[in-house]
Amino acid sequence: MTDRYQQFSTSGVGRLLVKRLGLPNPEPLRRYKPGEPALPGPALVGGAGRLADGLGPVLKSAGIEVLTSAGADTQKYGALVFDATGITSPEQLRGLYDFFHPVMRSVAASGRVVVLGTPPEAAKEQGELIAQRALEGFTRSVGKELKRGATAQLVYVQPGAEDKVESTLRFLLSGKSAYVDGQVIRVGTHGGQATEPESWTAPLAGKVALVTGASRGIGAAIADVLARDGAHVIALDIPAQGADLAKVANRVGGSTLQLDITAADAPAKLVEHLKTRHGGVDIVVHNAGITRDKTLANMKEGAWDSVLAVNLTSQLKVNDALLAAGVLRDGGRIIGVSSIAGIAGNLGQTNYGASKAGVIGMVNAYADEYAAKGITINAVAPGFIETKMTAAVPLFIREAGRRMNSMSQGGLPVDVAETIAWYASPASGAVNGNVVRVCGQSLLGA
Ligand code: NAD
């Protein structure tokens, strides 16, 4: 879908008007391209804590130049990375000011700020808990201050999980996280092992991934990205979408499965298919979703039932069946697709909001149980993503959705897909129980 305002704002006249009138400025975001450097410049690393020693080697192995002291005034940084795990009292928060203040204007376009902390619930004393909790407000505010497509995230690393952050840092310190902003990510809070992939460019080699609703939109992008990362993708959609589904599967060298996931026999058929054709499955992405919008007073029961069935209850049944049959292999990944409507609520979407908040509940409910089997469960919560679904939204609401975020633009399906691929990586075994919004730091539900 085209964002005409963004095209205008990047033209000569447009740039001038945007500046003069203080209009939203949707900077074209730098997205991942194979072979290109991860960041648009070197990373300045600061802070002193549990992670400081390991940061340099991890960043260097991702091809990132690491600086430990600020350079000349003219230096632009691809990233500012601060280890705040050593902050154990509110007074020590001053260290954030001292590190960031002098370099805040030196973050490159599409640059990154990453703050690393200790989960407040793992703090040893009250002062540390308060200080670590404070990092959230700091980082989210930085996200709102950064300009030109730069982003800020907070990563809480459980004590003991210091060597399990690489996949998360590689994701955040790259164009793969272009539309993820102002997020709080937890690593190691539900245990889990991080297995380094043989190749960071094909971390899913040898894996089988099931993607529901894969014939178009976000699902098709998920199929593309998981296949790019080396997985065999089973693209699932309803029979009516068969032609488009085949196109996606052919494009990614995968296979198709025509199935309505709400059918009573769908879980059993799925188990059978995965077992006999593929010997099991490693990654399950519950992307299929529908909307049937009406205010609650005007909503027919069918609209309620169908949305809850596709977006939530069918997924629970599939998970149960796959686990009961032992079809989801050890080290498996279950990934849900929630929505900011499930966090903030939305007029006319009581059914959709309930179903998408339920997906967050699904993650909360199963993270610990699955961790014992080496399986992770996480979700993405997309904001305004440019798809056929959002192109159908009335103009005024569509423009509001596009601009009311720190990026002043909608995200692309690939932005959701990249976040899912990060969860899916074998190196993300300690990333469990997370719900990460892919919303450009939308004001809705912030
Ligand atoms: P879409 O309508 O383009 O694609 C959804 C796909 O799911 C379709 O191919 C559809 O045929 C399939 N599907 C529907 N019911 C099914 C069933 N019973 N069995 C199997 N497949 C079924 O939507 P999209 O915009 O690509 O959204 C994908 C997911 O992202 C959805 O879960 C949606 O709720 C979520 N999401 C989208 C946005 C956005 O801005 N587009 C924002 C937040 C969340």
Side-chain angles (χ1 to χ4, degrees), residues 1 3 179 210-225 234-249 256-267 269-270 273 284-293 303 305-315 317-318 335-346 349 351-360 362 379-393 397-398 400-402 404-405 409-417 419-420 435-440 442 444-445:
M1 301 317 116
D3 180 345
Y179 200 59
L210 171 75
V211 181
T212 70
S215 69
R216 63 183 198 199
I218 295 172
I222 299 168
D224 284 334
V225 171
I234 306 165
L236 179 152
D237 214 303
I238 49 174
Q241 288 293 112
D244 285 350
L245 190 65
K247 277 188 208 147
V248 172
T256 61
L257 178 56
Q258 295 186 14
L259 190 66
D260 177 342
I261 49 163
T262 64
D265 60 353
K269 279 195 172 154
L270 200 47
H273 181 91
V284 177
V285 185
H286 290 297
N287 164 75
I290 59 168
T291 50
R292 296 286 181 271
D293 298 357
D305 291 342
S306 57
V307 167
L308 268 292
V310 178
N311 298 4
L312 182 61
T313 54
S314 65
Q315 303 179 13
K317 287 176 192 160
V318 165
I335 300 157
V337 178
S338 178
S339 164
I340 54 168
I343 296 169
N346 211 5
Q349 291 200 312
N351 50 357
Y352 187 76
S355 69
K356 294 297 184 180
V359 169
I360 297 173
M362 172 173 90
V380 289
F384 185 97
I385 305 296
E386 304 280 356
T387 60
K388 279 190 183 146
M389 197 191 243
T390 47
V393 171
I397 302 175
R398 187 166 73 230
R402 267 190 184 135
M404 279 170 54
N405 59 70
Q409 61 193 285
L412 299 181
V414 69
D415 299 324
V416 180
T419 309
I420 287 173
V435 178
V436 168
R437 295 163 45 149
V438 186
C439 68
S442 167
L444 289 179

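Just so you know, residue 1 is the first one in the sequence shown, and it goes up from there. First listed ligand is number 1; within each ligand, the first listed atom is number 1.
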Member of Leu210, Val318, Ile261, Asn311 meeting the side chain to side chain contact (heavy atoms under 4.5 Å, CB included) criterion with His286: Val318
Test side chain to side chain donor-acceptor pair (under 3.5 Å) applied to Ser215 and Thr256, Asp237, Asp244, the passing residue: Asp237
Minimum heavy-atom distance between Ile340 and Ser442, given as atom pair plus value: CD1-OG, 3.6 Å
Side chain Asp415, main chain Thr419, donor-acceptor under 3.5 Å: no
Polar pairs, ligand 1 vs protein, N/O only, below 3.5 Å.
residue: ligand 1; atom: 2 (O); partner: Arg216; partner atom: NH2; Å: 2.8
residue: ligand 1; atom: 3 (O); partner: Arg216; partner atom: NE; Å: 2.9
residue: ligand 1; atom: 9 (O); partner: Ser215; partner atom: OG; Å: 3.1
residue: ligand 1; atom: 9 (O); partner: Asp237; partner atom: OD2; Å: 2.6
residue: ligand 1; atom: 11 (O); partner: Asp237; partner atom: OD1; Å: 2.6
residue: ligand 1; atom: 18 (N); partner: Asp260; partner atom: OD1; Å: 2.8
residue: ligand 1; atom: 19 (N); partner: Ile261; partner atom: N; Å: 3.1
residue: ligand 1; atom: 25 (O); partner: Thr387; partner atom: OG1; Å: 3.3
residue: ligand 1; atom: 26 (O); partner: Ile218; partner atom: N; Å: 2.8
residue: ligand 1; atom: 32 (O); partner: Asn287; partner atom: O; Å: 2.8
residue: ligand 1; atom: 32 (O); partner: Lys356; partner atom: NZ; Å: 2.9
residue: ligand 1; atom: 34 (O); partner: Tyr352; partner atom: OH; Å: 2.5
residue: ligand 1; atom: 34 (O); partner: Lys356; partner atom: NZ; Å: 3.1
residue: ligand 1; atom: 40 (O); partner: Gly383; partner atom: O; Å: 3.4
residue: ligand 1; atom: 40 (O); partner: Ile385; partner atom: N; Å: 3.1
residue: ligand 1; atom: 40 (O); partner: Ile385; partner atom: O; Å: 3.4
residue: ligand 1; atom: 41 (N); partner: Thr387; partner atom: OG1; Å: 3.0

Matching residue for Ser355 among Ile290, Val310, Leu308 - test: side chain to side chain contact (heavy atoms under 4.5 Å, CB included): Leu308
Within-4.5 Å side-chain heavy-atom neighbours: His273 and Ile234: yes
